[in-house]
Participant: 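Supplied in structure tokens, the structure appears directly below.
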Amino acid sequence: MGRGPESAVLAGDFVVQNLDTAELQRQAAALYRRVFGYRNPDVGLSPPLLTGLLRNGGSAVGAVAADGTLLGFAYGMRGGDEEGMYHYSQAAVVAPESQGLGLGRRLKQAQAAVARDTGMRFMRWSYDPLISRNAHFNLDVLGASGRWYVDDFYLHERSDRVVVEWDLERPPAPAAPPGPNPPVTRADWGRRQQRGEHGWLALPTDPTLLDPAEDAAVRAAVRTGFHEFLARGLVARSCRPVSAETSVYWFAPPTDDRSRT
């Protein structure tokens with residue numbers, strides 16, 4: 001079974017621990033609906049699912065304040081494909097008022113502990129390619145690599161996702177893009193360029209900056225750019241802002257050992 005952290009990990013004014021009580025699972029379900037803005041009663045997070053994950057090699061971890069308030073949580077399960085087994089993180093949810101406390105990193109680290117405890121070397125999860133702050137966290141902060149791009153991941157439009165992979169046996173060493181940042185502006189959103197064995201792709205720092213008239217075209221260009229670079233054997237290694245309104249993805253050849261244990 002996935003035991004998670006062997007003991008609670010203190011981090012500032014909160015503790016990271018398993019969601020192993022009915023009250024913590026109730027708070028997780030409520031926080032999930034609040035953060036994602038779900039109003040339909042048929043859409044939500046099932047507390048019994050969290051129990052099932054804890055009892056069967058999955059993860060259900062949360063950051064809990066001293067007064068028992070759940071500030072954020074993450075949950076995931078075992079997965080596998082032709083490349084081997086991995087731990088898949090379905091979601092990481094942090095209350096808006098708890099942003100900036102380092103919860104995201106601590107929750108991912110707690111999930112990594114579960115993955116290692118159950119014999120997994122790799123973790124995977126997905127994110128919206130147009131939310132550049134999430135891309136930066138996943139690629140530059142944690143050091144994961146964007147290896148796959150899935151159109152309409154959740155079976156509806158505007159749900160494209162990048163799937164990243166995190167090698168838990170390699171020390172975190174986020175890659176630095178070679179050379180200076182490209183001189184890109186808003187007019188370059190969706191533009192891509194190859195530089196030797198590297199490539200870059202420009203996008204808005206936040207999708208809310210997109211005008212309705214340009215939204216579809218930029219999303220389509222980002223989708224095309226990812227597919228083209230990944231088809232060439234590159235992976236997304238970095239996403240960094242170059243101005244207040246423009247960020248740039250950097251693609252490079254993979255450098256990690258793909259052998260499975």
Side-chain angles (χ1 to χ4, degrees), residues 35-36 72 74 76 88-94 96 99-100 102-109 111-112 122-154 158-167 172-178 181-182 184-186 188-193 195 198-210 214-215 218-232 234-256:
V35 169
F36 289 109
Y88 184 79
S89 175
Q90 172 59 31
V93 182
V94 176
Q99 297 286 340
L103 271 65
R105 181 182 295 193
R106 296 305 293 264
L107 291 170
K108 277 289 188 282
Q109 290 172 339
Q111 284 190 297
F122 296 92
M123 276 182 62
R124 295 183 190 179
W125 62 90
S126 68
Y127 72 91
D128 185 334
L130 284 179
I131 301 182
S132 64
R133 67 179 182 278
N134 288 353
H136 177 75
F137 174 75
N138 295 326
L139 305 178
D140 296 277
V141 176
L142 293 179
S145 296
R147 295 189 175 277
W148 302 274
Y149 191 97
V150 182
D151 299 354
D152 302 331
F153 187 95
Y154 290 110
R158 298 168 66 89
S159 67
D160 286 10
R161 292 294 185 269
V162 175
V163 179
V164 302
E165 187 168 66
W166 192 20
D167 187 342
N181 291 322
V184 293
T185 66
R186 183 187 187 108
D188 296 299
W189 290 352
R191 180 187 170 200
R192 58 194 179 277
Q193 181 175 324
R195 287 184 175 180
H198 302 97
W200 60 260
L201 173 66
L203 73 159
T205 54
D206 192 291
T208 60
L209 296 174
L210 287 167
E214 62 185 350
D215 184 274
V218 171
R219 288 178 183 274
V222 169
R223 173 190 282 188
T224 298
F226 260 92
H227 281 306
E228 288 193 2
F229 286 134
L230 296 179
R232 296 174 188 172
L234 306 181
V235 297
R237 298 288 302 280
S238 173
C239 184
R240 301 184 181 187
V242 296
S243 71
E245 63 178 13
T246 301
S247 292
V248 171
Y249 275 107
W250 174 57
F251 295 79
T255 59
D256 57 332

Participant: For Phe229 versus Gln193, what's the shortest heavy-atom pair and its separation?
Facilitator: CZ-O, 3.7 Å
Participant: Does the side chain of Pro96 reach to within under 4.5 Å of the side chain of Val35, using non-hydrogen atoms?
Facilitator: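 Sidechains of Val35 and Pro96: in contact.
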Participant: Could you check if a side-chain atom of Leu203 sits within less than 4.5 angstrom of a side-chain atom of Val218, using non-hydrogen atoms only?
Facilitator: no
Participant: Going by the salt bridge (Lys or Arg N to Asp or Glu O under 4.0 Å) test, name the single residue among Arg158, Arg223, Arg161 that passes it with Asp152.
Facilitator: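 Testing each of Arg158, Arg223, Arg161 against Asp152, the sole residue satisfying salt bridge (Lys or Arg N to Asp or Glu O under 4.0 Å) is Arg223.
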Participant: Taking the side chain as everything from C-beta on, heavy atoms only, tell me whether Phe36 gets closer than 4.5 Å to Val93.
Facilitator: yes
Participant: Do Val94 and Gln99 come within less than 4.5 Å of each other through their side chains, counting heavy atoms only?
Facilitator: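 Yes, side chains in contact.
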Participant: Go through the steps for Val141 and Arg105 under the test side-chain contact (heavy atoms from CB on, under 4.5 Å), then give the verdict.
Facilitator: CA-CA 9 Å; Val141 176; Arg105 181 182 295 193; 2.8 Å; yes
Participant: As an exercise, state the distance from CG of Leu142 to NZ of Lys108, rounded to the nearest 0.5 Å.
Facilitator: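 The distance works out to 7.5 Å.
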Participant: Drop me the distance from Asp151's CG to Phe226's CZ, to the nearest 0.5 angstrom.
Facilitator: 12.0 Å
Participant: Mind listing the closest non-hydrogen atom pair of Ala202 and Thr246 along with its distance?
Facilitator: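 That closest heavy-atom pairing would be CB-CG2, 4.4 Å.
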Participant: Compare every heavy atom of Ala74 with every heavy atom of Leu107, then report the nearest pair and how far apart it is.
Facilitator: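 Looks like CB-CB, 4.2 Å.
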Participant: Which value, rounded to the nearest 0.5 Å, describes the distance between Trp200 atom CH2 and Arg195 atom CZ?
Facilitator: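 Separation between the atoms: 7.0 Å.
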Participant: Looking only at the side chains, is there a donor atom on one of Ser238 and Arg240 sitting less than 3.5 Å from an acceptor on the other?
Facilitator: yes
Participant: Distance from Tyr149 atom OH to Leu230 atom CG, nearest 0.5 Å?
Facilitator: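 Interatomic distance, Tyr149 OH to Leu230 CG, rounded to 0.5 Å: 10.0 Å.
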Participant: Which atom pair, heavy atoms only, marks the closest approach of His198 to Leu234?
Facilitator: C-CD1, 4.4 Å
Participant: Within the structure provided, determine whether Val164 and Val162 are in side-chain contact (heavy-atom separation under 4.5 Å).
Facilitator: yes
Participant: What are the two closest non-hydrogen atoms of His136 and Cys239, and how far apart are they?
Facilitator: ND1-O, 2.9 Å
Participant: Indicate every side-chain donor-acceptor pair of residues 125-132 with a distance under 3.5 Å to a residue at least two apart or in another chain.
Facilitator:
from   : atom 1 : to     : atom 2 : distance (Å)
Trp125 : NE1    : Asn138 : OD1    : 3.0
Ser126 : OG     : Tyr88  : OH     : 3.3
Tyr127 : OH     : Tyr249 : OH     : 3.1
Asp128 : OD1    : Leu130 : N      : 2.9
Ser132 : OG     : Thr205 : O      : 2.6
Ser132 : OG     : Ser247 : OG     : 3.4

Participant: So which heavy atom on Pro253 is nearest to which on Arg237, and how close?
Facilitator: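 The pair with the smallest heavy-atom distance is O-NH1, 3.6 Å.
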Participant: Between Phe251 and Val235, is there a side-chain heavy-atom distance shorter than 4.5 Å?
Facilitator: no
Participant: Are Met123 and Glu165 side-chain neighbours, meaning at least one heavy-atom pair lies under 4.5 Å?
Facilitator: no
Participant: Got a donor-acceptor contact below 3.5 angstrom from the Thr224 side chain to the Ala220 backbone?
Facilitator: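 Yes; judged by distance alone, with no hydrogens or angles, the pair exists.
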Participant: Check this for me: does any side-chain nitrogen of one of Asp160 and Arg219 sit under 4.0 Å from a carboxylate oxygen of the other?
Facilitator: no
Participant: Thinking salt bridges, do Asp206 and Arg133 make one under a 4.0 Å N-O criterion?
Facilitator: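 Counted as a salt bridge, because a side-chain N and a carboxylate O are separated by less than 4.0 Å.
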Participant: I need the Arg106 CZ to Gln111 CD distance, nearest 0.5 Å.
Facilitator: 14.0 Å
Participant: Rounded to the nearest 0.5 Å, what separation is found between the CD atom of Glu214 and the CG atom of Leu209?
Facilitator: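 So the gap between those two atoms works out to 9.0 Å.
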Participant: Could you pull out all residues at least two apart from Trp250 that satisfy side chain to side chain donor-acceptor pair (under 3.5 Å)?
Facilitator: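 Here no residue qualifies.
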